[in-house]
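Working notes, beginning with the structure itself.
As a basis for the values below, the full set of heavy atoms in this structure was taken, side chains included, without hydrogen atoms, waters or symmetry mates. Below, chain A is the first sequence line, B the second, and so on; all start at residue 1. Since the structure is predicted, the reported quantities are computational estimates derived from the model, not experimental observations.
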Protein chains: 2
Amino acid sequence: MTNRPAESAAAAEAPEAEAGPRWLTETEQDTWRAYMHAYTLLEDHLDRQLQRDAGMPHIYYGLLVQLSEAPRRRMRMTELAQHAKITRSRLSHAIARLERNGWVRREECPSDKRGQLAVLTEEGFAMLGRSAPGHVAAVRAAVFDRLTPEQAAQFGEACRIIASGLQPAGADVPWLR
Amino acid sequence: MTNRPAESAAAAEAPEAEAGPRWLTETEQDTWRAYMHAYTLLEDHLDRQLQRDAGMPHIYYGLLVQLSEAPRRRMRMTELAQHAKITRSRLSHAIARLERNGWVRREECPSDKRGQLAVLTEEGFAMLGRSAPGHVAAVRAAVFDRLTPEQAAQFGEACRIIASGLQPAGADVPWLR
DNA sequence: TCATCTTTATTGAAACTTCAAGAATAGCCT
DNA sequence: AGGCTATTCTTGAAGTTTCAATAAAGATGA
């Protein structure tokens with residue numbers, strides 16, 4: 001995926017000043033592939049599990065959980081988008097759908113007339129209560145039951161490092177679009 | 001995400017035989033969140049990088065790379081789907097799009113009249129050559145430049161373990177759908 | 001051989017995401 | 001106040017993915 005597109009071997013010795021692209025080592029390639037396989041399979045697995053048991057994709061479920069943990073079970077759109085690391089556009093569409101399902105309701109923000117609050121409804125909350133056990137079980141079976149506590153901790157640390165490098169808050173930030 | 005939907009505290013002491021759902025510990029929750037943040041941000045980042053520089057999403061790029069590494073730069077649809085861990089349906093649509101772009105061409109399979117071969121075209125190959133350096137740089141900057149070799153290796157190992165648990169090849173296998 | 005079951009791949013529709021554009025309000029500066 | 005810029009959120013269209021259904025050919029077995 002990230003190695004040279006086969007063959008284009010070339011450069012390898014030349015101590016070029018202009019330094020050609022630093023391809024990944026064999027080990028790095030293996031790691032990268034493993035990562036892509038893991039997240040592709042995992043997302044697929046959880047999406048199916050939740051689609052079946054809760055009638056919505058993994059991300060939507062995550063949005064409801066976020067709301068359930070927020071004070072008064074409500075959150076500003078932008079804030080919710082930031083927490084979930086998605087764009088506001090995507091969130092708008094998502095909330096619209098969840099609203100049609102009756103899990104979420106929109107409310108105007110008292111302090112800022114531009115703002116909207118996404119509010120978890122009672123039905124939404126009840127629904128979470130019903131589907132959470134199954135979801136936790138799925139995550140546990142796929143991840144935490146298979147890694148030692150040390151492995152899990154290291155894995156988490158690596159993920160934190162990677163994530164921290166990706167929201168420079170500068171440049172053009174996705175969730176602001 | 002995977003903890004109880006806030007509040008539904010309850011059970012914690014009772015040595016129930018029926019064992020209620022085993023919620024995630026604080027540490028596990030942190031790990032799980034970090035993972036979701038990492039992959040969401042990473043996929044987003046790479047998708048944008050490739051969309052901008054190569055005119056296609058990350059997965060499509062991966063398909064071309066797979067083809068570039070295959071003998072004679074061609075592969076059976078099902079085989080390609082398996083390697084990429086995606087469904088055949090998704091692959092069909094993807095290849096159709098890449099074909100419109102001229103990066104891939106379909107050929108009939110000589111040994112099995114049901115089969116199709118996805119073949120990387122010269123333009124497709126040339127294009128890979130052009131965009132690979134930028135992509136590698138992006139992956140390196142986001143991942144391998146930020147982790148120590150040990151961390152990267154451990155991360156890879158964890159991913160391998162997770163991935164290996166998710167394709168039991170049994171039950172109903174996604175890429176066969 | 002015929003019937004049947006399996007495998008391969010595609011298709012269209014519905015659901016979801018991205019992208020660019022736009023409406024409304026807030027904030028700032030003179 | 002007035003004018004300008006920035007922020008918040010939504011929208012529609014285009015692109016992508018999922019899901020269920022289907023066509024075509026291989027494989028199996030009486």
One thing to verify: whether [Y] and [X] come together as a salt bridge, which I'm taking to mean a side-chain N less than 4.0 angstrom from a carboxylate O.
X	Y	value
Asp145(B)	Arg22(A)	yes
Arg105(B)	Glu99(B)	no
Arg52(B)	Asp47(B)	no

What is the distance, rounded to the nearest whole Å, between atom [atom1] of [X] and atom [atom2] of [N]?
X	N	atom1	atom2	result
Arg90(B)	dG15(D)	CZ	C1'	13 Å
Gln116(B)	dA25(D)	CD	P	11 Å
Leu91(B)	dT11(C)	CG	P	12 Å

Which nucleotide in the set [options] lies at the smallest distance from any side-chain heavy atom of [X]?
X	options	answer
Arg76(B)	dC9(D), dA9(C), dT17(D)	dA9(C)
Pro57(A)	dA9(C), dC9(D), dC16(C)	dC16(C)
Arg106(B)	dA9(C), dC16(C), dT18(C)	dA9(C)
Lys113(B)	dT11(D), dT8(D), dG26(D)	dG26(D)
Tyr60(B)	dT16(D), dT8(D), dT18(C)	dT16(D)

Quiz: residues 154-163 of chain B side-chain donor-acceptor pairs under 3.5 angstrom, not counting sequence neighbours:
{"from": "Glu157(B)", "atom 1": "OE1", "to": "Arg160(B)", "atom 2": "NE", "distance (Å)": "3.3"}

Using a cutoff of under 3.5 Å, can you pull out all pairs of nitrogen or oxygen atoms linking the protein to nucleotides 2-7 of chain C, with atom names and distances?
{"from": "dT7(C)", "atom 1": "O2", "to": "Arg114(B)", "atom 2": "NH1", "distance (Å)": "2.7"}

Open item on the list: Just checking Glu108(A): does its CD atom have more than 12 heavy atoms from other residues, nucleotides or ligands closer to it than 6.0 angstrom?
Closed with: no
Task: Greater than 12 external heavy atoms within 6.0 Å of Glu122(B)'s CD - done: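 Open.
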TODO: Return yes if the base of dG15(D) and the side-chain atoms of His93(B) contain a donor-acceptor N/O pair under 3.5 Å, otherwise no.
DONE: no
Open item on the list: Using only modelled atom types and a 3.5 angstrom limit, is any donor from either the side chain of Ser89(A) or the base of dT11(D) paired with an acceptor on the other?
Closed with: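 Under the 3.5 Å cut-off, the side chain and the base do form a donor-acceptor pair.
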Task: Along DNA chain C (nearest heavy atom to each residue), the more 5'-positioned of Gln51(B) and Ser111(A) - done: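 Checking each residue's closest nucleotide, the 5'-ward one belongs to Gln51(B).
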Open item on the list: Once you apply a heavy-atom cut-off of 4.0 Å, does Asp112(B) come out as touching a base, just sugar-phosphate, or nothing?
Closed with: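 Contact class for Asp112(B): sugar-phosphate only.
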Task: Within 45° cone of Phe125(B) ring axis and under 6.0 Å: Arg73(B) NZ or CZ - done: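 Output yes; distance and angle both within limits.
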